[in-house]
Amino acid sequence: MTTHDIATDDAVYKTLLESTRAIPWKIDWATMQFAYIGPQIEELLGWTPDSWVTVQDWAERMHPEDRQWAVDFCVAQSMAGVDHEADYRALCSNGDYVWIRDVVHVVRNDDGTVNSLVGFMFDISERKRTEEKLVAMQRELEELSFKDGLTNVANRRRFDHVMDASWERARNQREPIALLMIDIDYFKQYNDRYGHLAGDDCLRRVASVLAQAATRPNDLLARIGGEEFAMLLPGTSASGAVGVAEHCRQLLKDAQILHGPAPLGRLTASIGVGAITPEDGDSWVSLLDRVDRRLYAAKQAGRDRMMDADPVAV
């Protein structure tokens with residue numbers, strides 16, 4: 001092959017490389033300088049090809065949050081002679097950022113030492129936007145699966161999930177955990193008098209009122225069925241739980257939700273209360289059962305009250 005043929009081939013290869021959307025580049029390992037970078041870089045990032053002199057220019061034109069790990073990863077892989085890929089946000093000359101995927105091939109000498117790095121930069125911004133949308137949609141679907149569709153508080157699935165984690169943490173840290181079971185009094189009569197649409201609105205109002213008592217980051221209010229709500233209070237003693245229960249009753253009283261068929265003419269609730277510092281072998285299901293029995297006892301005792309002790313067997 002003649003020198004002319006080689007030169008012609010090089011020109012053809014260069015034309016092919018520079019006509020693609022991918023941006024070719026080459027770095028000399030000994031000097032850590034760019035031997036070549038495609039002119040497409042200017043269209044994508046705004047930086048002229050002659051401004052890419054050393055790997056420092058490459059590193060400095062990364063998002064600060066990506067720079068450390070991307071540089072460390074690429075250097076380590078290159079030193080090991082391993083081809084690799086890295087996704088990062090590259091700085092544009094106008095201050096914006098573009099998601100880049102760098103695909104790197106390590107060229108080695110006959111003795112195995114690194115000679116140079118060659119690769120391609122790809123604009124993957126659109127792909128990243130699509131991925132972010134999918135992640136957001138997945139997160140939204142997950143949140144919806146943990147939310148009661150009527151009241152927008154947590155549902156039973158969410159309650160069980162959080163209860164598992166909170167119980168384990170309380171047991172490991174030897175901390176108390178409290179639970180309230182709250183049931184709207186005479187709710188069937190409410191639906192019979194005002195209709196089910198009004199009943200749905202009532203449930204939403206009750207959830208909003210009760211949420212005012214579950215104000216700490218780890219507190220959880222959940223609708224666990226019909227007109228029944230549960231309030232999980234991690235790190236709360238029995239006396240603290242009683243205080244929260246009375247606060248719930250006061251909030252409902254202050255809300256003055258009309259309930260003509262009820263004895264007081266306004267909506268009330270009965271509440272079962274319990275707290276425990278879990279030990280090995282304890283189950284939160286047993287706490288739930290105990291508090292549910294106390295709720296039933298509050299109903300039996302006349303409603304519109306809180307019960308924090310087990311009913312006396314007769």
Side-chain angles (χ1 to χ4, degrees), residues 139 142-148 150-185 187 203 206-252 268-314:
R139 187 180 300 116
E142 184 174 321
E143 289 176 356
L144 288 173
S145 73
F146 281 135
K147 186 179 292 185
D148 177 59
L150 178 64
T151 63
N152 279 331
V153 299
N155 60 14
R156 178 58 189 263
R157 181 184 178 197
R158 178 65 173 170
F159 172 80
D160 290 349
H161 180 79
V162 174
M163 191 71 183
D164 278 335
S166 299
W167 187 266
E168 186 70 18
R169 183 166 54 249
R171 183 171 57 193
N172 291 338
Q173 298 180 2
R174 304 296 183 190
E175 291 181 350
I177 185 170
L179 179 65
L180 274 56
M181 299 291 287
I182 307 164
D183 190 85
I184 300 174
D185 295 328
F187 191 67
L203 288 170
V206 169
S208 178
V209 169
L210 295 177
Q212 298 175 50
T215 56
R216 299 176 307 171
N218 292 328
D219 293 346
L220 179 75
L221 174 68
R223 181 184 175 214
I224 59 174
E227 65 272 24
E228 192 171 21
F229 295 83
M231 188 178 294
L232 174 62
L233 303 169
T236 302
S237 64
S239 60
V242 168
V244 174
E246 292 296 353
H247 185 41
C248 289
R249 293 183 62 246
Q250 186 62 47
L251 287 169
L252 286 171
T268 61
S270 300
I271 305 175
V273 182
I276 188 175
T277 299
E279 297 181 356
D280 292 342
D282 288 337
S283 167
W284 66 260
V285 176
S286 61
L287 174 63
L288 179 66
D289 181 63
R290 185 183 313 126
V291 174
D292 198 48
R293 289 199 307 270
R294 291 174 181 178
L295 168 62
Y296 181 75
K299 292 282 190 184
Q300 293 295 100
R303 297 179 171 84
D304 186 27
R305 65 196 62 216
M306 178 274 303
M307 189 74 70
D308 64 335
D310 292 333
V312 178
V314 292

- prompt: What do the steps show when you test Phe187 against Val206 for side-chain contact (heavy atoms from CB on, under 4.5 Å), and what is the final call?
  reply: CA-CA 12 Å; Phe187 191 67; Val206 169; over 6 Å; no

Examine distances only and state if a side-chain atom of [X] and a backbone atom of [Y] form a donor-acceptor pair shorter than 3.5 Å.
| X | Y | answer |
| --- | --- | --- |
| Thr215 | Gln212 | no |
| Asp282 | Glu279 | yes |
| Arg294 | Ala297 | no |
| Arg305 | Arg303 | yes |

What is the distance from atom [atom1] of [X] to atom [atom2] of [Y], rounded to the nearest 0.5 Å?
| X | Y | atom1 | atom2 | value |
| --- | --- | --- | --- | --- |
| Ile224 | Asp292 | CD1 | CG | 7.0 Å |
| Thr236 | Ile177 | OG1 | CD1 | 8.5 Å |
| Glu168 | Met163 | CD | CE | 12.5 Å |
| Glu175 | Ile276 | CD | CD1 | 14.5 Å |
| Arg293 | Met181 | CZ | CE | 12.0 Å |
| Met306 | Glu246 | CE | CD | 4.5 Å |

Any idea which heavy atoms bring [X] and [Y] closest together, and the distance?
| X | Y | result |
| --- | --- | --- |
| Met307 | Ala301 | CE-CB, 4.3 Å |
| Ser166 | Leu232 | OG-CD2, 3.7 Å |
| Ala213 | Asp219 | O-OD2, 4.5 Å |
| Ser283 | Trp167 | C-CZ2, 3.4 Å |
| Ile271 | Ala245 | CD1-O, 3.5 Å |
| Ala207 | Val153 | CB-CG1, 3.8 Å |

Test item: [X] and [Y] side chains (from C-beta on) under 4.5 Å apart, heavy atoms:
| X | Y | value |
| --- | --- | --- |
| Leu180 | Val244 | yes |
| Asn152 | Lys147 | yes |
| Arg223 | Asn155 | no |

query: Hey, are Ser286 and Asp289 close enough side-chain-wise for a donor-acceptor pair under 3.5 Å?
result: no

Evaluation steps, side-chain contact (heavy atoms from CB on, under 4.5 Å), between Phe229 and Leu203: CA-CA 10 Å; Phe229 295 83; Leu203 288 170; 4.3 Å; yes

Leu233/Arg216 under side-chain contact (heavy atoms from CB on, under 4.5 Å): CA gap, chis, key distance, verdict: CA-CA 9 Å; Leu233 303 169; Arg216 299 176 307 171; 3.9 Å; yes

query: So among Leu252, Asp304, Ile184, which one has a side-chain contact (heavy atoms from CB on, under 4.5 Å) with Thr268?
result: Asp304

query: So, Asp148 and Arg156, do they make that salt bridge, N to O below 4.0 Å?
result: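 Looking at Arg156 together with Asp148, the answer is no, because their closest N to O distance does not fall below 4.0 Å.
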
